[in-house]
Amino acid sequence: DVDWVVSEERDAVRRHYESVMRLGTGTTETHSDAGAGGRVPVEIHSSVVSYRGRNALASVVSDISERKAAQFTIEHMALHDPLTGLANRALLMDRLRHAASRANRAGARMALLFIDLDRFKTINDSLGHAVGDALLKSVALRLTEVLRPGDTVSRMGGDEFVLVLGQAAGPDDATAVSDRLLECLSRPYEITGY
């Protein structure tokens with residue numbers, strides 16, 4: 001029985017076992033039900049074996065939590081800026097293509113905003129890179145607070161940010177978001193006593 005598997009994945013595990021009985025071997029991933037709402041990612045490797053003259057199914061179930069965590073970390077690092085956690089150029093381009101495609105299919109509009117921080121080099125040069133990095137993180141946080149679900153904010157490097165407004169009703173909508181961004185970004189920053 002597969003009652004140790006989370007309920008929504010039990011049918012898929014049953015199909016895995018049926019396939020293994022036909023093909024002789026197979027591997028799948030699922031989640032075990034650890035109780036109290038817990039889910040543990042597992043890999044099931046199954047084979048048909050001969051047991052007392054009959055075919056039987058033998059499975060090895062392995063906890064793959066560490067592998068999944070490492071995979072998530074690698075994928076996150078490939079698509080996000082290491083300093084701010086925002087989308088990087090690769091993820092931005094992907095999101096931009098999707099937003100443009102959605103807008104084109106729906107006959108809607110989208111907007112692209114570019115933000116460059118004035119005098120950021122002066123902060124790095126006079127107060128040091130640690131303060132500059134902290135400022136960039138604060139700016140990133142403020143940008144994400146203003147954007148709507150479905151919008152993307154990315155750091156292109158240095159002090160440059162690009163925002164994709166996936167559903168802009170028109171120029172007035174982009175202007176309204178821009179005004180909110182400018183208001184949010186223009187409030188004073190307090191970083192390590194500066």
Side-chain angles (χ1 to χ4, degrees), residues 5-16 19 26-31 37 39-44 64-118 120-121 132-187 189:
V5 174
V6 294
S7 60
E8 65 270 19
E9 296 177 5
R10 289 178 184 164
D11 287 341
V13 172
R14 287 185 187 103
R15 286 191 300 275
H16 160 74
S19 172
T27 302
T28 191
E29 291 181 8
T30 190
H31 292 88
R39 297 167 62 100
V40 176
V42 295
E43 179 179 75
I44 306 171
I64 56 172
S65 299
E66 288 183 20
R67 184 173 82 196
K68 286 294 188 182
Q71 181 180 354
F72 174 81
T73 300
I74 290 168
E75 289 171 1
H76 189 270
M77 289 172 59
L79 298 174
H80 293 84
D81 174 57
L83 178 66
T84 62
L86 297 176
N88 65 11
R89 185 180 304 264
L91 184 54
L92 169 69
M93 297 309 293
D94 183 62
R95 298 258 177 96
L96 185 56
R97 277 191 293 275
H98 281 84
S101 178
R102 274 193 315 270
N104 191 36
R105 280 194 313 271
R109 297 176 184 226
M110 56 165 284
L112 188 65
L113 305 176
F114 179 81
I115 296 173
D116 179 67
L117 303 179
D118 292 339
F120 179 74
K121 185 177 182 324
D133 287 351
L135 177 60
L136 289 172
K137 290 178 186 178
S138 294
V139 168
L141 183 61
R142 289 187 187 187
L143 290 173
T144 57
E145 289 172 351
V146 171
L147 293 187
R148 306 161 298 190
D151 292 340
T152 298
V153 59
S154 66
R155 178 171 174 236
M156 298 304 287
D159 62 350
E160 298 174 343
F161 298 86
V162 174
L163 294 82
V164 178
L165 308 181
Q167 295 181 2
D172 292 341
D173 188 32
T175 300
V177 172
S178 297
D179 289 344
R180 286 197 313 272
L181 288 168
L182 288 174
E183 185 277 323
C184 179
L185 293 176
S186 65
R187 293 192 317 259
Y189 295 83

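As a basis for the values below, the full set of heavy atoms in this structure was taken, side chains included, without hydrogen atoms, waters or symmetry mates.
- Of all heavy-atom pairs spanning Leu79 and Ala90, the tightest one is CD2-CB, 4.4 Å.
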Working for side chain to side chain contact (heavy atoms under 4.5 Å, CB included), residues Leu96 and Met110: CA-CA 9 Å; Leu96 185 56; Met110 56 165 284; 3.3 Å; yes

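- Asn88 places a side-chain N or O within 3.5 Å of a backbone atom of Ala78 that can act as its donor or acceptor partner.
- The structure places CG of Leu185 at 7.0 Å from CG of Leu117, a figure rounded to the nearest 0.5 Å.
- Using a 4.5 Å heavy-atom cutoff, the side chains of Leu136 and Phe161 are in contact.
- Under a cut-off of 6.0 angstrom, the local environment of CZ in Arg89 is sparse, with at most 12 non-hydrogen atoms contributed by other residues, nucleotides or ligands.
- Taking the side chain as every heavy atom from C-beta outward, His76 and Thr73 never approach each other to under 4.5 Å.
- Under a cut-off of 6.0 angstrom, the local environment of CZ in Phe114 is crowded, with over 12 non-hydrogen atoms contributed by other residues, nucleotides or ligands.
- Annotation: salt bridge (charged side-chain N to carboxylate O under 4.0 Å, His left out) contacts of Lys68 (sequence neighbours excluded): Glu29.
- A heavy-atom distance below 4.5 Å is not found between the side chains of Val139 and Ile115.
- Between Ser7 atom OG and His31 atom NE2 the span is 12.5 Å, to the nearest 0.5 Å.
- Applying the 6.0 Å contact sphere to CD of Glu8 captures more than 12 heavy atoms from other residues, nucleotides or ligands.
- The side-chain heavy atoms of Leu86 and Leu92, taken from C-beta on, include no pair separated by under 4.5 Å.
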Ignoring hydrogens and angles, write down the donor-acceptor pairs under 3.5 Å from the side chains of residues 174-182, residues two or more places apart or on other chains.
residue, atom, partner, partner atom, Å
Thr175, OG1, Pro171, O, 2.9
Ser178, OG, Ala174, O, 2.9

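- In this structure the side chain of Arg142 never reaches within 4.5 angstrom of the side chain of Val146, judged on heavy atoms.
- Contact check for Leu147 versus Leu165: side-chain heavy atoms found under the 4.5 Å cut-off.
- Shown are Arg105, His98, Arg97; of these, the side-chain hydrogen bond (donor to acceptor under 3.5 Å, both in side chains) with Ser101 is made only by Arg105.
- Expressed to the nearest 0.5 Å, how far CG of Leu113 lies from CG of Leu163 amounts to 5.5 Å.
- By the 4.5 Å heavy-atom criterion applied to side chains, Val40 and Ser65 are counted as neighbours.
- Put simply, NE2 on His16 and OG1 on Thr28 are 6.0 Å apart, with the number rounded to the nearest 0.5 Å.
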Evaluation steps, side chain to side chain contact (heavy atoms under 4.5 Å, CB included), between Ile74 and Met77: CA-CA 5 Å; Ile74 290 168; Met77 289 172 59; 5.6 Å; no

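- Here the closest heavy-atom approach between residue Ala140 and residue Thr84 is recorded as CB-CB, 3.7 Å.
- Residues that satisfy the side-chain hydrogen bond (donor to acceptor under 3.5 Å, both in side chains) test with Asp151, not counting sequence neighbours, are Arg148.
- The shortest heavy-atom contact between Val162 and Met156 is CG2-CG, 3.4 Å.
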